[in-house]
Amino acid sequence: SDDTLVFHALNELDTDITLKIQTVDSNALKLRNVDIAVVLQNSHLQISPMVLSFAGSRLTGHVDLNAKSETAALSTKMQVNGFKLAKVDA
């Protein structure tokens, strides 16, 4: 879409959250060994580490969104190893 993303809401909140979850079960997907840290400070959002296991695979990565200036900068890296589509229920 041509709509502009508005990031001013990131100015409204600073937070530091760490999630460590052993198991998340849903009908379609089971997540294991979830380890995610989210830090938002002064319009700078960082999600690192981002680690979880699903469908016989392991996802690792990070997200960095810096919205301090008029033009936001986004950097991401995701890596999935050992993905098995047969283990995902559609």
Side-chain angles (χ1 to χ4, degrees):
S1 130
D2 291 330
D3 294 339
T4 302
L5 295 174
V6 180
F7 294 106
H8 65 81
L10 296 178
N11 287 321
E12 305 295 322
L13 175 67
D14 287 343
T15 190
D16 188 337
I17 301 168
T18 300
L19 295 173
K20 291 184 183 279
I21 304 170
Q22 187 173 5
T23 303
V24 176
D25 286 326
S26 74
N27 291 336
L29 194 62
K30 295 180 181 184
L31 304 177
R32 303 281 186 260
N33 305 316
V34 177
D35 184 2
I36 299 174
V38 178
V39 176
L40 173 58
Q41 187 169 16
N42 299 323
S43 299
H44 189 186
L45 174 66
Q46 296 174 301
I47 304 172
S48 182
M50 182 184 320
V51 179
L52 56 95
S53 298
F54 69 101
S57 65
R58 181 171 171 84
L59 178 140
T60 59
H62 71 268
V63 175
D64 189 299
L65 173 62
N66 191 338
K68 290 181 182 179
S69 64
E70 187 174 323
T71 303
L74 175 65
S75 170
T76 64
K77 179 179 180 181
M78 299 288 165
Q79 182 171 340
V80 177
N81 294 320
F83 182 72
K84 295 175 180 63
L85 184 59
K87 291 193 174 194
V88 177
D89 294 333

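- Between His62 and Met78, the shortest heavy-atom contact is O-CE, 4.0 Å.
- In this structure, OG in Ser48 is found 9.5 Å from CG in Asp35, a value given to the nearest 0.5 Å.
- More than 12 heavy atoms of other shown residues, nucleotides or ligands fall within 6.0 angstrom of atom NZ in Lys68.
- Heavy atoms only, all atoms of each residue included: Asn42 and Asp14 are closest at N-OD1, 3.0 Å.
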Given Asn33 and Val51, is the side chain to side chain contact (heavy atoms under 4.5 Å, CB included) satisfied, shown in steps?
-> CA-CA 8 Å; Asn33 305 316; Val51 179; over 6 Å; no
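- Rounding to the nearest 0.5 angstrom, the gap separating the CD1 atom in Ile36 from the CG atom in Leu59 is 8.5 Å.
- Residues meeting the side-chain hydrogen bond (donor to acceptor under 3.5 Å, both in side chains) test with Asn81, sequence neighbours left out: Gln79.
- With a 4.5 Å cut-off on side-chain heavy atoms, Gln22 and Leu31 do not count as touching.
- Annotation: the span from Ile47 atom CD1 to Leu40 atom CG amounts to 9.5 Å, rounded to 0.5 Å.
- Rounded to the nearest 0.5 angstrom, Thr60 OG1 and Lys77 NZ are separated by 7.0 Å.
- Under the side-chain contact (heavy atoms from CB on, under 4.5 Å) criterion, Leu74 pairs with Val63, Leu65, Thr76, not counting sequence neighbours.
- The two residues Gln46 and Asp64 come nearest to each other via the heavy atoms NE2-OD2, 3.3 Å.
- Leu13 and Val39 fall into different hydrophobic clusters, defined by Ile, Leu, Val, Met, Phe, Trp and Tyr side-chain heavy atoms under 4.5 Å apart, directly or through other members.
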